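Nothing fancy with the numbering, it's 1 onward along the sequence. Everything quoted here is computed from the prediction, not taken from an experiment.
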Amino acid sequence: MIGNKFALTNMALFRSLLLIIFIVAVSSCQTNAQLSPNYYSSTCPQALSIVKAEVAAAIKNETRIGASLLRLHFHDCFVNGCDGSVLLDDNSTFIGEKTAVPNNNSARGFNVVDNIKARLEKACPGVVSCADILAIAARDSVVRLGGPSWKVRLGRRDSTSASRSAANTSIPPPTSNLSALISSFSAQGLSIKNLVALSGSHTIGLARCTSFRSHIYNDSNIDPSFANSLRRICPRSGNDSVLAPLDRQTPTCFDNLYYKNLLDKKGLLHSDQEIFNGSSLTDGLVKKYAADTSLLFKEFAKSMIKMGNIKPLTGNAGEIRINCRKAN
């Protein structure tokens with residue numbers, strides 16, 4: 001009798017243990033699969049087409065906005081994860097990220113996000129997050145400008161606060177050296193390969209004189225004629241907001257000329273040229289991407305998916321903001 005009771009007790013313990021293991025396994029799977037390309041397939045099936053149409057219209061109106069939307073996603077994800085915090089205006093409880101050094105007078109595309117959000121709220125009220133809008137718009141911008149596509153993983157929720165101080169410390173400035181760039185990306189779980197591939201986003205867009213002034217006047221790893229041409233529009237003082245293309249040949253076309261320019265010491269920013277400046281860690285990757293556009297596109301897409309998965313808010317965390325500029 002005692003033996004039977006002992007056997008039954010062991011069996012019950014065994015079953016309980018199996019149940020615990022099963023629950024942990026399921027929980028683990030859910031954690032790893034929280035973001036999904038099909039997240040809105042039933043709750044807002046027109047979400048992707050709405051974002052695509054609005055991005056296309058915005059780029060048709062101003063080609064540069066594609067680069068600006070891509071940059072917004074990057075600047076969002078590097079500050080406490082991909083949570084839409086970069087879109088929040090200042091309020092009585094916090095100073096947001098829009099006036100942080102990396103964003104002040106340079107972050108753009110907020111009106112485009114507002115337009116997208118307004119259409120989505122009309123189609124599917126309270127369903128699609130602002131953080132997901134940034135992720136989709138970044139992909140659609142790249143595709144529209146001739147770059148690669150990828151399946152954007154969705155299901156992020158929005159933060160209810162933002163931090164200017166975190167933006168100032170987390171987003172690598174254009175004056176960063178290679179060591180600082182590697183550390184900054186590593187802090188986000190991104191590898192050196194991710195760093196070099198994602199730097200390819202600078203094949204589109206423009207930068208202000210304040211961002212490249214120190215490079216053209218103080219650095220030696222820059223082509224002299226290239227530096228002189230930039231000094232004519234960007235003096236040692238003044239003209240801070242004058243713009244120059246990050247890729248001097250095709251700033252509105254997503255291609256691999258950014259890397260070819262680095263080989264010729266014609267990177268616009270100090271941080272650009274740092275990834276091809278005699279380092280065995282990055283020089284080889286720059287050469288590969290300069291020689292093989294398809295390889296670049298493949299690695300860029302993979303790196304964008306990985307970046308988009310930086311500390312997303314899911315489950316009951318955060319909220320779905322009705323207005324991307326303020327918490328509900």
Side-chain angles (χ1 to χ4, degrees), residues 67 70-71 74-80 97 100-107 164-231 234 236-237 240 243-248 256-290 296 299-300 303-304 306-307 310:
L70 174 59
R71 186 168 182 257
F74 173 82
H75 282 210
D76 181 40
C77 290
F78 264 59
V79 184
N80 298 321
E97 298 162 26
V101 174
N103 297 324
N104 197 32
N105 297 318
S106 65
R164 182 168 66 178
S165 60
N168 281 329
T169 57
S170 300
I171 301 170
T175 53
S176 299
N177 60 26
L178 181 59
S179 176
L181 289 171
I182 291 173
S183 295
S184 177
F185 276 68
S186 178
Q188 307 295 346
L190 298 171
S191 68
I192 291 174
K193 180 182 283 188
N194 297 143
L195 159 63
V196 179
L198 290 172
S199 295
S201 62
H202 284 183
T203 192
I204 54 175
L206 309 172
R208 298 170 70 225
C209 170
T210 52
S211 296
F212 59 84
R213 177 180 281 131
S214 62
H215 182 47
I216 64 175
Y217 285 103
N218 302 328
D219 292 345
S220 59
N221 61 334
I222 184 171
D223 177 81
S225 62
F226 178 59
N228 286 333
S229 69
L230 292 167
R231 288 171 185 169
C234 180
R236 287 186 181 275
S237 62
D240 286 358
L243 300 168
L246 288 157
D247 165 2
R248 62 196 184 94
N256 70 340
L257 290 183
Y258 164 80
Y259 298 97
K260 293 183 178 181
N261 289 335
L262 296 184
L263 299 183
D264 295 331
K265 294 188 176 182
K266 293 179 180 177
L268 181 65
L269 308 179
H270 175 84
S271 55
D272 286 331
Q273 199 59 58
E274 276 292 289
I275 66 169
F276 187 77
N277 194 27
S279 171
S280 60
L281 296 173
T282 56
D283 282 13
L285 289 167
V286 172
K287 289 177 181 177
K288 285 181 179 179
Y289 298 152
L296 166 64
E299 295 299 336
F300 183 84
S303 296
M304 285 296 294
K306 189 174 180 181
M307 186 187 79
I310 296 174

From OG1 (T282) to OH (Y289), nearest 0.5 Å: 11.0 Å

Closest approach of L70 to S201 (non-hydrogen atoms, all atoms of both residues): CD2-CB, 3.5 Å

From I204, T203, L206, residue fulfilling side-chain contact (heavy atoms from CB on, under 4.5 Å) relative to P245: L206

Under 3.5 Å: donor-acceptor pair, side chain of N261, backbone of G267: no

Where P172 and L181 come nearest, the two heavy atoms and their spacing: CB-CD2, 3.9 Å

Within-4.5 Å side-chain heavy-atom neighbours: V101 and P173: no

Side-chain heavy-atom pair R236, Y217 within 4.5 angstrom cut-off: yes

Pair listing, salt bridge (charged side-chain N to carboxylate O under 4.0 Å, His left out) test, anchored in residues 203-215, at least two apart: R213-D240

Gap separating the CD1 atom of I216 from the CG atom of L230, nearest 0.5 angstrom: 5.0 Å

Chi angles and distances behind the side-chain contact (heavy atoms from CB on, under 4.5 Å) call for Y258, D272: CA-CA 9 Å; Y258 164 80; D272 286 331; 2.9 Å; yes

Verdict with reasoning, E274 to N221, per side-chain contact (heavy atoms from CB on, under 4.5 Å): CA-CA 9 Å; E274 276 292 289; N221 61 334; 4.2 Å; yes

K260 atom NZ, over 12 foreign heavy atoms within 6.0 Å: no

Where A166 and N80 come nearest, the two heavy atoms and their spacing: CB-ND2, 4.0 Å

Contact check, side chains of L190 and K306, non-hydrogen atoms, under 4.5 Å: yes

Under 3.5 Å donor-acceptor, E299 side chain and N194 backbone: no

Flag side-chain contact, heavy atom, 4.5 Å: I275 against L178: yes

Sequence-distant partners of F78, ring-ring contact (aromatic ring centres under 6.0 Å, His included), two or more places apart: F74, F185

Side-chain heavy atoms of K287 within contact of L263, under 4.5 Å: yes

Rounded distance [0.5 Å steps], OG in S229 versus CZ in R248: 8.0 Å

Shortest non-hydrogen contact from L268 toward F212: O-CB, 3.2 Å

Rounded distance [0.5 Å steps], NZ in K266 versus OG in S225: 5.0 Å

Nearest non-hydrogen partners of A100 and A167, listed with the distance: CB-CB, 3.5 Å

Residue pair H202 / D247, side-chain heavy-atom distance below 4.5 Å: no

Between NZ on residue K265 and CG on residue N277, distance to nearest 0.5 Å: 7.0 Å

Pairs flagged by side-chain hydrogen bond (donor to acceptor under 3.5 Å, both in side chains) wherever residues 167-188 is involved - sequence neighbours left out: none

Donor-acceptor contact below 3.5 Å, side chain Y259 vs main chain V196: yes

Closest contact, heavy atoms only, I310 versus C77: CG2-O, 3.7 Å

Step-by-step side-chain contact (heavy atoms from CB on, under 4.5 Å) determination, H75 to E97: CA-CA 9 Å; H75 282 210; E97 298 162 26; over 6 Å; no

Check against side-chain contact (heavy atoms from CB on, under 4.5 Å), H270 and N218: CA-CA 10 Å; H270 175 84; N218 302 328; over 6 Å; no

Distance in Å, I222 CD1 paired with H215 NE2, rounded so as to fall on 0.5 Å steps: 3.5 Å

